[in-house]
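To start, the structure itself, in structure tokens.
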Number of protein chains: 2
Amino acid sequence: MKRTAPILPSALAELLPATLHVLCATITLGKGSYLFKAGRKPACMYFVVSGELTLERPGAQGESIILQRTRQGFAAEASLQSASYHCDAKAVADTVIVSIPIRELRTMLEQDPAFALRWISMLNRELKRLRLQCERLSLNTVQDRLCHLIETEGRGGRYPMGSGLKSIARELGVSHEALYRCVASLEKGGKLHRVGGDLVQAGVSG
Amino acid sequence: MKRTAPILPSALAELLPATLHVLCATITLGKGSYLFKAGRKPACMYFVVSGELTLERPGAQGESIILQRTRQGFAAEASLQSASYHCDAKAVADTVIVSIPIRELRTMLEQDPAFALRWISMLNRELKRLRLQCERLSLNTVQDRLCHLIETEGRGGRYPMGSGLKSIARELGVSHEALYRCVASLEKGGKLHRVGGDLVQAGVSG
DNA sequence: CGTACTTTTGAATCGCATCAAATCTGGTGG
DNA sequence: CCACCAGATTTGATGCGATTCAAAAGTACG
């Protein structure tokens, strides 16, 4: 784990009041290393900038149960008011994280109502996104999930596959083979096209 | 739609400051009726007490896309700061809802820091719950999902099936038949027992 | 040019959805 | 008390779609 001067992603810079900017730190985690372990007292809030962080905890049979998987955004927001971690945070890949001290974060949330409202907005957006993902994952064919993704996360029937179909497959909770086949079949049926780096849904004919 | 004097569930009563209590109203929606439609300007925040409310919007092919399904808790928190609804809210069953005026809610969030922090806590709990559900739904066998449910939402390997296995099946995103079979098979293998109204996971032997 | 990764297609298998039907349950009214 | 009904529970049979294992082809990069 390596700490350096804070280089905040714009999403964070706009969210946090200036007072907190200087208190942030950037942390670089190698694949397989831990950010924190269960039982420890939370001192910081963590924002994943790149890579992948999982929160997990051992189940009754000793197997590991995944509670959250973050590739971009806050991990374990609930640490804001919990006295100790109930899970381990582990980097699944090389990961870059920004840390924000919790004590000062809480103080600012209490003292700066505008900031508190921005924070609430951020949580609301996150809730909305997760609700969409839950609905998507409760669809039972790859095609339904893909269409739901394009309809809800895309812009005008267009969804960017910046990081490749393989990573979209993970997001949809299906094997990459299944997704490749689904896309191929939709393309053959003329219902979907690949334009540039985007998946483009064919509009209603006419 | 019928409005009556506010009878707040305790979760709401403890969350909201007294000032807001008297501004709440209880709404009863018949199955199939709408709470609001897309385009309308949000005036209230809604808390589902019982029944089931869905947020949906038409997709490109005219089919309806479900954005959220709420059986208990807030629906469309994001209406707190959005200028208009982007979806319809429809009661899938006879549903009881408590409404809270948004203008006054925002005012109180700005003026009462303690309330704002309580609100943030509530959002954090909701996020945690949804993240768990996403992870659960991305497991691909009924058994894995059921075990994840018991491990994460149960207490000490014990999960109440108050509303019946059928409703648990919906929550797990599987058919009730599949869940019945899964439970039966786990019971036969001695890995799960039904005690009283609970599902009890057999502990590690020894 | 070799290495690593994504993309793509194939074949076999498995688990779940679905349709069907039987049993069990609690509750209601005669 | 019994007849009856609606809903939950349970078991069976069938087909489809996804997972999985395998392998080939394309692509970026040093």
Side-chain angles (χ1 to χ4, degrees), chain A residues 30-32 50-52 66 71 92-95 133-149 159-189 191-200, chain B residues 31 50-52 63 66 69 71 92-95 133-149 159-189 191-200:
Chain A
K31 175 174 175 175
S50 67
E52 183 169 336
I66 296 188
R71 310 181 66 187
V92 177
D94 290 350
T95 303
Q133 190 169 2
C134 282
E135 288 303 330
R136 193 176 304 135
L137 289 174
S138 68
L139 300 174
N140 37 22
T141 69
V142 174
Q143 181 174 325
D144 287 347
R145 291 189 193 180
L146 179 59
C147 291
H148 190 281
L149 180 76
Y159 185 86
M161 18 171 218
S163 40
L165 279 183
K166 204 169 172 181
S167 87
I168 293 181
R170 259 200 308 252
E171 192 177 334
L172 293 179
V174 300
S175 68
H176 62 276
E177 295 97 326
L179 182 58
Y180 283 126
R181 278 186 257 260
C182 173
V183 169
S185 137
L186 284 174
E187 273 185 308
K188 199 171 297 178
K191 297 175 182 169
L192 192 72
H193 303 284
R194 269 180 270 200
V195 182
D198 292 1
L199 286 177
V200 182
Chain B
K31 174 176 176 175
S50 68
E52 182 169 336
E63 83 287 13
I66 296 186
R69 187 185 305 272
R71 310 181 66 188
V92 177
D94 290 349
T95 303
Q133 190 168 2
C134 281
E135 288 303 330
R136 193 176 304 136
L137 290 174
S138 67
L139 300 175
N140 36 22
T141 70
V142 175
Q143 182 175 324
D144 287 348
R145 292 190 193 181
L146 178 61
C147 291
H148 190 281
L149 180 76
Y159 185 86
M161 16 172 219
S163 40
L165 279 183
K166 205 169 171 180
S167 88
I168 293 181
R170 259 201 308 254
E171 191 176 335
L172 293 180
V174 300
S175 69
H176 62 276
E177 295 97 328
L179 182 58
Y180 283 127
R181 277 186 258 259
C182 173
V183 170
S185 138
L186 284 174
E187 273 186 308
K188 197 170 299 179
K191 297 175 183 170
L192 191 73
H193 303 285
R194 268 180 273 199
V195 182
D198 293 1
L199 287 177
V200 181

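Hydrogens, waters and symmetry mates play no part in the numbers below; they use all other heavy atoms, side chains included. Each chain gets a letter, A, B and so on, in the order the sequences are listed, and its residues count up from 1.
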Quick check on C/dT8: is either OP1 or OP2 less than 4.0 Å from any side-chain nitrogen or oxygen of A/Y180?
no
When rounded to the nearest 0.5 angstrom, what distance separates CG in A/L192 from OG in A/S185?
9.5 Å
How long is the line joining CG of A/L186 and P of D/dG17, in whole Å?
13 Å
Under-3.5 Å donor-acceptor pair between A/R181 side chain and C/dG10 base
yes
Please state how far atom CG in A/L172 lies from atom C1' in D/dG17, giving the value in whole angstrom units.
15 Å
Out of curiosity, A/E52 CD to A/D94 CG, how far, rounded to the nearest 0.5 Å?
12.0 Å
I need the minimum non-hydrogen distance between A/C182 and A/Q143, along with the two atoms involved.
SG-CA, 3.6 Å
Rounded interatomic separation in angstrom, taking CG from A/N140 and C1' from C/dT18:
11 Å
How long is the line joining CZ of B/R145 and C1' of C/dA17, in whole Å?
12 Å
Whole Å only: how far is the CE atom of B/M161 from the C1' atom of D/dA8?
12 Å
Between C/dA17, D/dA8, C/dC19, spot the one nearest the side chain of B/S175, thanks.
C/dA17
When you measure from the side chain of B/A184, which nucleotide among D/dT11, D/dA18, C/dT7 comes out closest?
D/dT11
From NE2 of B/H176 over to P of C/dA20, roughly how many Å is that when rounded to an integer?
14 Å
Closest to side chain of A/A178, choosing from D/dT9, C/dA17, D/dA18
D/dA18
From CD (A/E187) to NE2 (A/H193), nearest 0.5 Å
8.0 Å
Quick one: A/E177 CD to D/dA23 P, roughly how many Å, whole number?
14 Å
B/E171 to B/L137 - nearest heavy-atom pair and separation:
O-CD2, 4.3 Å
Hey, does B/R194 reach any base, or is it just sugar-phosphate, or nothing, if we go heavy atoms under 4.0 Å?
sugar-phosphate
What is the distance, rounded to the nearest whole Å, between atom CG of B/D144 and atom P of C/dC14?
17 Å
Whichever of B/L165 and A/T141 has the more 5' nearest nucleotide on DNA chain D, that residue is B/L165
Look at the side chain of B/V142 and decide which nucleotide, out of C/dC16, D/dT11, C/dT7, has an atom nearest to it.
C/dC16
